[in-house]
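What follows is a single structure, written as structure tokens, with notes after it.
Start at 1 with the first residue, then count along the sequence.
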Amino acid sequence: MANQHYLNHYEGAYMSLMRGLTELDLQGPYIPSDLVLIGDHAFPLAMNSRGQVLMAASLYGHGRIMVLGHEGYLKAFPALVENALTWLRGDGSDNLSVGVHNNVKDVVTNLSTSCFQAEVVGAFSPHMRIGVYVTDAYSVGADHKELVAFMKAGGGVLIAGQAWSWAECYPKDNPLLRFDGNKVCGVAGIYFSKRQGEVENLPVYPKIPSSWMAMVIGKDFEDDLEFLLQGISEFDLLNGVLASEVLVHGPLAFPIGTTEDGHAFLAGAYYGQGRVIVITHEGLLRRETLAPVWNNALYWLDEGRNGVVGVVPDLDDAFNLFRQSGFNCEKTKIRKDLSVFVCTAYSDEHVQEIQEFVAEGGGLLIGGHAWYWAQTHHGQNPMTDFSGNKILNKMGLSLLGKIIGEGSYKAPVPSQAIKDTYHFRHLLHRFAGHVSEGEELTEHEEECLKKLGGDCTNYLHMKAHNCPAYTQVVSTLTSILKKSGMPQVSDSCPVKSPRDHLLLSVGAEVYKVCPDPDALLPHLIKDNPLLPVVYNNRIRINVNTAEGEEWISTGLYLCPGMKTYMAMPAKIVNKGWQIQIGCQTDRLHEAVLKRAPCVHERFPVTSEMMQVWNLWGGLLYLVAPPKTEVKDTQVVVQMAVPAPYYKSGVTTAADWSLLRSAPSPWAELEFDNIILTVPSDVVRNLERPDELASLWNDMMRGIADLAAIPHKFPRKERFVTDVQISHGWMHAGYPIMAHKCTAAELVSVAHIRSVGLWGPIHELGHNQQRACWEFPPNTTECTCNLWSVYVHEEVLGSNRAKADPIMAPEKREARAEEYAKEGKKLSSWHVFVALETYMQLQEKFSWDAFKKVFAAYHKISTFPSDNDGKMNLYAETFSQTVGMNLAGFFKAWGWPIETATEEKLCMLPAWTDHPMAQYN
């Protein structure tokens, strides 16, 4: 509701300003300036068919401003001016006094029949008791600071003019900062540009005008880059610095330093009357090889004032580097009297002060990365929650969780930068033109589309529904999707092209944030049949979670785009619980996609009544946080599709005879220690889930036995099948992910007993691996196979050679012999070669020895951190467990057994006839 409130605020302002008007005929003698809008508050009032803004309004501090692209409009549109004065004086204000500059005194005549008391003045004075000041853009002069202060305190400003003729007279000056009118309206995020606006008879739209053609860059930045890159040939990001990527998304923001493929680590922007530069690791501010970069940057930010450069106290080395370059530096927090402020991106203590400092003419140099924050703040949104972005977002720059690799990156050529350098806003404009008008994209632009898709996703994560600029981007992307549709991706119709990658990744994100998702849904999901639903389904909760979060299956499914309400018990509200829709939680980064990169959605439980939905639909879960106990409570789901859901000890045979035909496309089978999520097709004919449950219960007990842990797992394992997964044929985790085609094998007693399940048990073995007895990377894909061998032999009664032909005796012997002949190098000791070491131990000492070794490790509290130390501890522990000195055996395998370890074991009888002795 808060988002709608903000939207209504700006839409309400627009309606007030346009009240009673049906058209704005701009085809008269006046040639206006195209206005550039930035920041959170500026919004267009009149936009021509090319997307040029010719009238706009904004807020600043407690006040308001309206900007007309030509001073002639003050005379030509008296009704608009009267509406403007009403809005500009503010809600609830009874001050009807208006100060009108002498140069636009015709306004007074037009107001003679209104309620306003207008007075012609020669210049603005802070002592005037007025509610609104009206002026042209050429008469601000030395009064601009007082006029900004008047607006900031709650006053209204109506300013009109054009800057294109000024720019023709002063071609070497920067109109954004030097043109008089911009010294006032620029502070509020509206600029008169040097571009002429095309005039038309414009209809007055019922809502704030929007167009994909407005997604343009407000300046070419060549002169800025020439200044900033003078004497710079490359950027040194070597020697241990991991920088973030910065998303450059504002109309007056631009990349300065990028990788070869367009990922920016150094960027600048105009904001208000000031400027900002961001470097995406604060450590680079002190780097001497980059001193010329910071010299140029500080001069650019200072704008010739030769003022004080304030540096926050925790940037000592940067402070010293800047002083050595001759700058007048002081260690200080933000102060209004500084010329440039230098800080890091890790504090949000002075966000508004910093933004106002820059808007009113200061320079900001800020350094910091967001990747570490993103990695350590799971579930939080870097775009909105990271401190640096609270400062930078409205300036058109945002720090991302993505990492820039180390390197030495070439500086761009200023004259080629706009043509060759990736810019989010420019490419979005070009892509919108490609979709809407069939404009051809260059090869370089085509290559950048996949990156644009990721950047659109990040941009949309700002969720800045209170920002007209954000809603313009949302509107543009919504129009693109309605025009083009979204690729109907599947295993038989994979997505390969950059264009389709973009549409696929952006579709779900736009669906989440657009004002009318129901109208967009048919353009995103073409085949979305209505499935039968159940109402007011009650889900009983009894959980006692351990270290990790736990998914609680509901047995319910939501169709794509289907919304439902969930009534939550008060005891779990704002306690870290979440609602999840979709079980396929892998995020894909593949060149060829068989599904969207992300198809699940999570909602934090923040109220007793939650509305939830997911574009892609999916099984419905409650996610319990770690170390949480909740007994005998319930959640009510208003409406959902029933799924085939079997739970051992709860679902009866009669229940299952009906449930297995439930309409959800996904099914779940929950046994004592594992939950299998598979396509419903593979369980429709499953008549005896109890037999399957018994077999899986036996296999999971076997896994627990070998690991020397209790039979009841602290958290049930999960297997989820998917059309595509993030890596491998299967991968471990919670849940374990497997390809969809393996689903039938997981639920077939006959297949498991006759063929086995080496791969799935291998992944379950991964989940039992512990760092204290693992030697990565050598054993990462090795020791998990102990469980595959054990379960097949001890539970399924299948010998190891049958479980996997690679375990045949002759193949095992050949691997050991080849390893020995090649010098017993640990670099070759991995996967099945390494497994042979453990198999030789098992054949000598039995599985019972492994169980005792794992049990012994449960009691050890401190472990070495390096592989050598851990291997010596393992040799010692195994030897002590079996009562035999195994130092010689492990040395024969090339292990780095230390003299100290041999001395500890010297009293035990040595195993001298081990299988590797023949190769000594």
* Please assess Phe235 against Tyr409 for the test ring-ring contact (aromatic ring centres under 6.0 Å, His included), listing each intermediate value before the final yes or no. => CA-CA 5 Å; Phe235 299 100; Tyr409 298 107; 8.6 Å; no
* To do: Please list, chain by chain and in numerical order, all residues satisfying side-chain hydrogen bond (donor to acceptor under 3.5 Å, both in side chains) with Gln488, sequence neighbours excluded.
  => none
* Kindly indicate whether the side chain of Met47, heavy atoms from C-beta on, has any atom under 4.5 Å from the side chain of Leu54. => no
* Could you tell me whether Glu439 and Arg430 make a salt bridge, using a distance below 4.0 angstrom between a side-chain N and a carboxylate O? => yes
* To do: Indicate, with yes or no, if the rings of Tyr205 and Tyr14 have centres closer together than 6.0 Å.
  => no
* Determine, stepwise, if the pair Thr280 / Lys402 fulfils side chain to side chain contact (heavy atoms under 4.5 Å, CB included). => CA-CA 11 Å; Thr280 60; Lys402 296 178 181 177; over 6 Å; no
* Can you tell me if Glu11 uses its side chain to pair, donor with acceptor, with the backbone of Ile208 under 3.5 Å? -> yes
* Residue list, salt bridge (charged side-chain N to carboxylate O under 4.0 Å, His left out) with Glu198, at least two apart or on another chain -> Arg50
* Are side-chain N/O atoms of Tyr10 and Asn466 paired as donor and acceptor at under 3.5 Å? -> no
* Cation-pi check, Arg275 onto Trp300 ring (under 6.0 Å, within 45° of axis) -> yes
* Rounded to the nearest 0.5 Å, how far apart are CZ of Phe386 and CD1 of Ile391? -> 9.0 Å
* Okay, side chain of Asn614, backbone of Gly561: is any donor-acceptor separation there less than 3.5 Å? -> no
* **Test item: Glu200 and Leu26 side chains (from C-beta on) under 4.5 Å apart, heavy atoms** => no
* Counting only heavy atoms not in Lys563, do more than 12 sit closer than 6.0 Å to its NZ atom? -> yes
* To do: Please name the pair of heavy atoms, one in Ser244 and one in Leu400, separated by the smallest distance, quoted to 0.1 Å.
  => OG-O, 3.1 Å
* Taking the side chain from Gln273 and the backbone from Leu176, do they hold a donor-acceptor pair closer than 3.5 Å? -> yes
* **Taking every non-hydrogen atom, the tightest pair across Tyr138 and Gln162** => OH-N, 3.1 Å
* Indicate yes or no: at least one non-hydrogen side-chain atom of Pro175 is less than 4.5 angstrom from one of Trp166. => yes
* Side-chain contact test, heavy atoms from C-beta onward, threshold under 4.5 Å: evaluate it for Leu503 versus Leu481 and give yes or no. => yes
* Just jot down the side-chain hydrogen bond (donor to acceptor under 3.5 Å, both in side chains) partners of Gln355, sequence neighbours excluded, or say none. => none
* Go through the structure and list residues passing ring-ring contact (aromatic ring centres under 6.0 Å, His included) with His41, not counting sequence neighbours. => none
* To do: Any salt bridge (charged side-chain N to carboxylate O under 4.0 Å, His left out) involving residues 587-603? Give me the pairs, sequence neighbours left out, ordered by first then second residue.
  => Lys512-Glu601, Glu549-Arg602, Arg595-Asp722
* For Asp40, which residues count as a salt bridge (charged side-chain N to carboxylate O under 4.0 Å, His left out) partner, sequence neighbours excluded? -> Lys394
* Using ring-ring contact (aromatic ring centres under 6.0 Å, His included) as the criterion, list what pairs up with His501, not counting sequence neighbours. => none
* Asked: Taking atom NZ of Lys450 as the centre, does the number of heavy atoms from other residues, nucleotides or ligands within less than 6.0 Å exceed 12?
  -> yes
* Asked: About how many Å separate CG of Leu477 and CG of Leu428, when rounded to the nearest 0.5 Å?
  -> 5.5 Å
* To do: Evaluate whether atom CD of Glu443 has more than 12 neighbouring non-hydrogen atoms of other residues, nucleotides or ligands under 6.0 angstrom away.
  => no
* **Short side-chain to backbone donor-acceptor contact, Arg425 and Val216, under 3.5 Å** => yes
* Structure fact -> Hits for side chain to side chain contact (heavy atoms under 4.5 Å, CB included) against Ala269, two or more places apart or cross-chain, chain-then-number order -> Ala253, Val276, Leu397
* **Candidates Val246, Ile404, Thr421 - the one meeting side chain to side chain contact (heavy atoms under 4.5 Å, CB included) with Thr258** => Thr421
* **Pair Thr22-Val204, side chain to side chain contact (heavy atoms under 4.5 Å, CB included): steps then yes or no** => CA-CA 5 Å; Thr22 58; Val204 173; 5.6 Å; no
* **Side-chain donor-acceptor pair present, His461, Glu509, cut-off under 3.5 Å** => yes
* To do: Give me the ring orientation class for His423 and Phe221: parallel if the planes are under 30° apart, tilted from 30 to 60°, perpendicular past 60°.
  => parallel
* Asked: So how far is it from Lys451 NZ to Leu502 CG, rounded to the nearest 0.5 Å?
  -> 12.0 Å
* Structure fact -> Sequence neighbours excluded, the answer for salt bridge (charged side-chain N to carboxylate O under 4.0 Å, His left out) partners of Asp385 is none
* Asked: Under 6.0 Å from the CE atom of Met15, do we count more than 12 heavy atoms belonging to anything else shown?
  -> no
* Rounded to the nearest 0.5 Å, what's the gap from CD on Glu222 to CD on Gln416? Could you check? => 9.0 Å
* Where Met383 and Asn393 come nearest, the two heavy atoms and their spacing -> O-ND2, 2.7 Å
* Are Met215 and His426 close enough that some pair of their side-chain heavy atoms sits under 4.5 Å apart? -> no
* Measure the CG-OG distance between Asn389 and Ser398 for me, rounded to the nearest 0.5 Å. => 5.0 Å
* For Gln230, does the CD atom have more than 12 heavy-atom neighbours from other residues, nucleotides or ligands under 6.0 Å away? -> no
* For residues Leu266 and Ile277, determine if any side-chain heavy atom of one lies less than 4.5 Å from a side-chain heavy atom of the other. => yes
* Asked: Does the gap between the ring centers of Phe192 and Phe179 come in under 6.0 Å?
  -> yes
* Asked: So, Tyr470 side chain and Leu460 main chain: donor-acceptor pair closer than 3.5 Å or not?
  -> yes
* To do: Using modelled atom types only, decide if a donor and an acceptor are shared between the side chain of Asn48 and the backbone of Leu202 within a distance under 3.5 Å.
  => no
* Asked: Who passes side chain to side chain contact (heavy atoms under 4.5 Å, CB included) against Ala79, sequence neighbours left out?
  -> Leu21
* Should Lys496 and Pro494 count as side-chain neighbours, where that means a heavy-atom distance under 4.5 Å? -> yes
* If you draw a 6.0 Å radius around NZ in Lys172, do more than 12 non-hydrogen atoms from other residues or ligands fall strictly inside? -> no
* Asked: Between atom OH of Tyr191 and atom OG of Ser33, what is the distance when rounded to the nearest 0.5 Å?
  -> 14.5 Å
* To do: Determine whether Ile31 and Val199 make a side-chain contact, defined as any pair of heavy atoms from C-beta on separated by less than 4.5 Å.
  => no
* Structure fact -> Sequence neighbours excluded, the answer for side chain to side chain contact (heavy atoms under 4.5 Å, CB included) partners of Thr585 is Trp551, Gln580, His600, Pro735
* To do: Only counting residues at least two apart or in another chain, list the ones meeting side chain to side chain contact (heavy atoms under 4.5 Å, CB included) with Ala374.
  => Pro382
* Determine, for Lys410 against Glu234, whether the closest basic-nitrogen to carboxylate-oxygen distance falls under 4.0 angstrom. => no
